[in-house]
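Heads up: numbering here begins at 1 and tracks the sequence. Fair warning: this is a prediction, and the values are worked out from it, not measured in the lab.
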Amino acid sequence: NAIGSFSFAHDRAVIHVNGGAIRDDKADHVRGAWGLGLEALLDAPRLYGILETYGIRDEKPTLHGGLRFWIRPQRVQVDSTVGTQSGDPDRRFYTIGLRVLF
């Protein structure tokens, strides 16, 4: 994967992009993968809104959004999202994350 982040308005909004490849051993070929995300400051310095989409070639992309909160700024963060992936049937998922920085 190649990853890049671009900051705007003094880090009030950050766009994250990535592109890469995944080796599919069952099909014996490599599939492209991509992602695009926005992280926007909602309430300084702790609360951020997040919106992300991610896809793999030959699959429907996912879309999810949620909130990210710094319990202790620059040390401990939690986030939660709700997402969907179009299909038959549509797939809905939820995430909860914890990040600890040393």
Which pairs would a plain distance check flag for residues 89-98, meaning a side-chain donor or acceptor within less than 3.5 Å of a matching protein atom at least two apart in sequence or in another chain?
residue : atom : partner : partner atom : Å
Asp90   : OD1  : Gly87   : N            : 2.9
Arg91   : NH1  : Gln85   : OE1          : 2.6
Thr95   : OG1  : Thr81   : N            : 3.3
Thr95   : OG1  : Thr81   : OG1          : 2.4

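At a threshold of 4.5 Å between side-chain heavy atoms, the hydrophobic network of Ile, Leu, Val, Met, Phe, Trp and Tyr places Leu67 and Val76 in one connected group. Under a hydrophobic clustering in which Ile, Leu, Val, Met, Phe, Trp and Tyr are joined whenever their side-chain heavy atoms come within less than 4.5 Å, directly or via other members, Phe102 and Trp70 fall into different clusters. Grouping the Ile, Leu, Val, Met, Phe, Trp and Tyr side chains by contacts below 4.5 angstrom, directly or via other members, places Val17 apart from Val14. Put simply, Ile71 and Val100 are part of the same group of oily side chains (I, L, V, M, F, W, Y) that touch within less than 4.5 Å, one to the next.
Sorted by first then second residue, the side-chain hydrogen bond (donor to acceptor under 3.5 Å, both in side chains) pairs that include residues 45-58, not counting sequence neighbours, are Glu52-His64.
Between His16 and Asn18, every side-chain heavy-atom pair lies at or beyond the 4.5 Å cut-off. Taking 4.5 Å as the limit, every side-chain heavy atom of His29 sits out of range of all side-chain heavy atoms of Ile22.
In this structure, Arg68 CZ and Leu42 CG are separated by 11.5 Å, a value rounded to the nearest 0.5 Å. The CG atom of Asp11 lies 9.0 Å from the CG atom of Leu41; values are rounded to the nearest 0.5 Å. Rounding to the nearest 0.5 angstrom, the gap separating the CG atom in Leu101 from the CZ atom in Arg72 is 10.5 Å.
Nearest heavy-atom pair across Leu38 and Ala13 is CD1-CB, 4.3 Å.
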